[in-house]
Visitor: 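Take a look at the following structure, please.
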Amino acid sequence: MKMKHKFMKKILLTIVAALPLLAAAQARIAIVDSKAVFDVMPAKAAAEAQLKVVTDAYQAELDKLRADFDSKFADYQASADDASTPATIKERRMQEVMEGDKKIQAFEKAAKADITARRDSLMVPIEKAIKDAIKAVGDEGEYDLVLDTATTPVAYAGSSVVDLTAAVMAKLGL
């Protein structure tokens, strides 16, 4: 019986001695809203302005192609309804309409690919700068985990969770 009592006493002392270590080993968790940071980046506004110029140029060219297509389609419809128009002219106009449609589709595909590539080349460096700043702030604060609320929904963040959004903006000079 005495031995059992000593054993229990040792276990209790071990638990009491380990409590501060367990508290110190608790993970430090923080959150950050990368979208809020991204939205105030001056480089984002400049990139969007560049993309708008390119997008507008593509849209203007697409409008010209569509106007040309509409004109050729109207010619085709007029000749199709006219019994005096020879069949070869009708066929040629139908070919022009089909070629115009293919041109539009190919142009739209190429324009979308170019705009996407330009967007990536402009936005990826901004996103990388934000990720680097988040990592730097996380390292400086010795956080074990930083959750991005823009990509990972956080249902609840207790009072011990620190929001690093302002610190990341400061690190980026915003």
Side-chain angles (χ1 to χ4, degrees), residues 29-140 143 145-157 161-174:
I29 299 173
I31 58 173
V32 67
D33 184 353
S34 65
K35 184 180 179 327
V37 176
F38 185 75
D39 287 344
V40 297
M41 293 284 289
K44 176 193 176 226
E48 286 177 340
Q50 288 179 27
L51 286 172
K52 183 170 178 7
V53 169
V54 171
T55 303
D56 290 349
Y58 277 125
Q59 187 60 51
E61 187 62 26
L62 185 59
D63 290 345
K64 288 179 188 176
L65 285 172
R66 285 188 176 144
D68 185 49
F69 173 83
D70 290 344
S71 172
K72 288 180 180 177
F73 188 73
D75 288 347
Y76 167 71
Q77 279 187 324
S79 67
D81 294 341
D82 185 3
S84 66
T85 303
T88 53
I89 293 175
K90 290 179 184 181
E91 286 177 28
R92 183 181 59 78
R93 289 185 178 160
M94 183 175 70
Q95 277 298 106
E96 288 176 347
V97 168
M98 290 183 348
E99 287 171 9
D101 185 50
K102 286 180 184 175
K103 267 186 185 177
I104 290 171
Q105 289 178 15
F107 182 79
E108 284 179 324
K109 185 177 178 181
K112 284 179 185 176
D114 185 43
I115 290 169
T116 299
R118 286 176 189 247
R119 178 176 289 117
D120 289 348
S121 72
L122 293 168
M123 297 299 182
V124 166
I126 299 168
E127 292 166 355
K128 184 181 180 328
I130 293 169
K131 285 180 184 176
D132 290 347
I134 291 170
K135 183 181 180 333
V137 169
D139 287 345
E140 289 167 7
Y143 290 95
L145 179 66
V146 178
L147 296 173
D148 185 354
T149 59
T151 58
T152 308
V154 176
Y156 171 75
V161 175
V162 178
D163 186 348
L164 299 178
T165 304
V168 170
M169 287 181 184
K171 178 63 93 178
L172 291 167
L174 304 174

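Hydrogens, waters and symmetry mates play no part in the numbers below; they use all other heavy atoms, side chains included.
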Visitor: Got a second to check how far Leu172's CG is from Leu174's CG, nearest 0.5 Å?
Guide: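 Answer for the CG-CG pair, Leu172 versus Leu174, is 5.0 Å.
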Visitor: Using the test side-chain contact (heavy atoms from CB on, under 4.5 Å), find all partners of Lys64 that sit at least two apart in sequence or belong to another chain.
Guide: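 Residues passing side-chain contact (heavy atoms from CB on, under 4.5 Å) with Lys64: Glu61.
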Visitor: Quick one: list whatever passes salt bridge (Lys or Arg N to Asp or Glu O under 4.0 Å) with Asp132, sequence neighbours left out.
Guide: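 Only Lys128 meet the salt bridge (Lys or Arg N to Asp or Glu O under 4.0 Å) criterion with Asp132.
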Visitor: Provide the full list of ring pair (Phe, Tyr, Trp, His ring centres under 6.0 Å) pairs with a residue in residues 108-139, sequence neighbours left out, each pair given once.
Guide: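 Passing the test, one end in residues 108-139: no pairs.
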Visitor: Could you tell me the separation between the OG1 atom of Thr88 and the CD atom of Gln95, rounded to the nearest 0.5 Å?
Guide: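 These two atoms lie 12.5 Å from each other.
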Visitor: Name every donor-acceptor pair, under 3.5 Å, that has one atom in a side chain of residues 29-51 and the other anywhere in the protein, sequence neighbours excluded.
Guide:
unit_1, atom_1, unit_2, atom_2, d
Asp33, OD1, Lys35, N, 3.2
Asp33, OD1, Ala36, N, 3.3
Ser34, OG, Asp148, OD1, 3.1
Ser34, OG, Asp148, OD2, 2.5
Lys35, NZ, Asp39, OD2, 2.8
Asp39, OD1, Lys44, NZ, 3.4
Lys44, NZ, Glu48, OE2, 3.4

Visitor: Please, which pairs that meet ring pair (Phe, Tyr, Trp, His ring centres under 6.0 Å) have at least one residue in residues 63-92, sequence neighbours excluded?
Guide: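 Ring pair (Phe, Tyr, Trp, His ring centres under 6.0 Å) check on residues 63-92 returns no pairs.
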Visitor: Give a yes or no on whether the backbone of Asp75 and the side-chain of Ser79 come within a donor-acceptor separation of less than 3.5 Å.
Guide: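 Judged by distance alone, yes, a pair lies under 3.5 Å.
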Visitor: List in chain and number order the residues that pass salt bridge (Lys or Arg N to Asp or Glu O under 4.0 Å) with Asp81, two or more places apart in sequence or in another chain; answer none if no residue qualifies.
Guide: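 Here no residue qualifies.
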Visitor: Among residues at least two apart in sequence or on other chains, which ones pass salt bridge (Lys or Arg N to Asp or Glu O under 4.0 Å) with Glu140?
Guide: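 If we apply the salt bridge (Lys or Arg N to Asp or Glu O under 4.0 Å) test to Glu140, skipping adjacent residues, the hits are Lys171.
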Visitor: Among Leu164, Val162, Val146, which residue satisfies the side chain to side chain contact (heavy atoms under 4.5 Å, CB included) criterion with Val137?
Guide: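 By the side chain to side chain contact (heavy atoms under 4.5 Å, CB included) criterion, Val137 pairs with just one of Leu164, Val162, Val146: Leu164.
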Visitor: Please report the closest heavy-atom contact between Asp163 and Thr165, naming both atoms and the distance.
Guide: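 Smallest interatomic distance, heavy atoms only, reads OD1-OG1, 2.7 Å.
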Visitor: Asp63: which residues meet the salt bridge (Lys or Arg N to Asp or Glu O under 4.0 Å) condition with it, sequence neighbours left out?
Guide: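 Salt bridge (Lys or Arg N to Asp or Glu O under 4.0 Å) list for Asp63, sorted by chain: empty.
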Visitor: Give the table of side-chain donor-acceptor pairs shorter than 3.5 Å for residues 97-110, with sequence neighbours excluded, one pair per line with atom names and distance.
Guide:
unit_1, atom_1, unit_2, atom_2, d
Asp101, OD2, Gln105, NE2, 3.1
Glu108, OE2, Arg66, NH2, 2.5

Visitor: Could you list the donor-acceptor pairs under 3.5 angstrom formed between side-chain atoms of residues 111-118 and any protein atom two or more places apart in sequence or on another chain?
Guide:
unit_1, atom_1, unit_2, atom_2, d
Asp114, OD1, Arg118, NE, 3.3
Asp114, OD2, Tyr58, OH, 2.6
Asp114, OD2, Arg118, NE, 3.0
Thr116, OG1, Lys112, O, 2.9

Visitor: Can you sort out the partners of Pro153 under side-chain contact (heavy atoms from CB on, under 4.5 Å), two or more places apart, ordered by chain and number?
Guide: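 Testing Pro153 for side-chain contact (heavy atoms from CB on, under 4.5 Å), a comparison that skips the adjacent residues, returns none.
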Visitor: Under the side-chain contact (heavy atoms from CB on, under 4.5 Å) rule, collect the residues that match up with Val124, sequence neighbours excluded.
Guide: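 Asp120, Glu127.
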